[in-house]
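A short write-up of the structure that comes next.
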Amino acid sequence: GNNTVLYKAKNLYGEGYDVVLVVNGSNVTVSEHPAWYHDEYGDVYVTGEGTISGKEMTLTLTHFIPGVGGWDAATEVLTLP
């Protein structure tokens with residue numbers, strides 16, 4: 001059986017930007033996609049991975065601007081409703 005579940009965190013970092021989290025077993029993946037808008041550089045992307053235990057996701061995410069650079073990876077914890 002396939003136990004992959006998709007979650008969409010609506011407006012997680014910016015209005016109109018949803019972050020899609022793919023859960024497969026205890027692993028969580030965030031594929032590279034726009035997550036928020038920077039006034040000077042435009043769309044800022046997010047990518048990363050982590051784990052889920054119960055309703056709590058612990059993720060290591062990197063925010064970056066394609067062709068420009070990014071911020072250091074950071075650990076973020078998201079709790080499902």
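Listed by chain and residue number, nothing satisfies the ring-ring contact (aromatic ring centres under 6.0 Å, His included) test with His33 (two or more places apart in sequence, or in another chain). Remark: Tyr7 pairs with Val5, Leu21, Val23, Met57, Leu80 by the side-chain contact (heavy atoms from CB on, under 4.5 Å) rule, at least two apart or across chains.
Side-chain contact between Thr4 and Val22 is present, with heavy atoms from C-beta onward closer than 4.5 Å. The closest side-chain heavy-atom distance from His63 to Tyr13 is below 4.5 Å. Trp71 has its side chain within reach of Val44: a pair of non-hydrogen atoms, C-beta onward, lies under 4.5 Å apart. You'll find the side chain of Val20 stays beyond 4.5 Å of the side chain of Val30, heavy atoms only. Side-chain contact between Thr62 and Val46: absent, with no pair of heavy atoms (C-beta onward) separated by less than 4.5 Å.
Note that the OG1 atom of Thr75 and the CG atom of Leu59 stand 8.5 Å from one another [nearest 0.5 Å].
Annotation: side chain to side chain donor-acceptor pair (under 3.5 Å) contacts involving residues 42-60, sequence neighbours excluded, comprise Tyr17-Asp43. Here salt bridge (charged side-chain N to carboxylate O under 4.0 Å, His left out) pairs that include residues 67-78, with residues two or more places apart or in two chains, number zero. Pairs engaging residues 58-67 under the salt bridge (charged side-chain N to carboxylate O under 4.0 Å, His left out) rule: none recorded [sequence neighbours left out]. Within the structure, the salt bridge (charged side-chain N to carboxylate O under 4.0 Å, His left out) test picks out the following pairs touching residues 17-34 (sequence neighbours left out): Lys10-Asp18.
Taking each heavy atom of Val19 and Ala35 in turn, the nearest pair found is CG2-CB, 4.1 Å.
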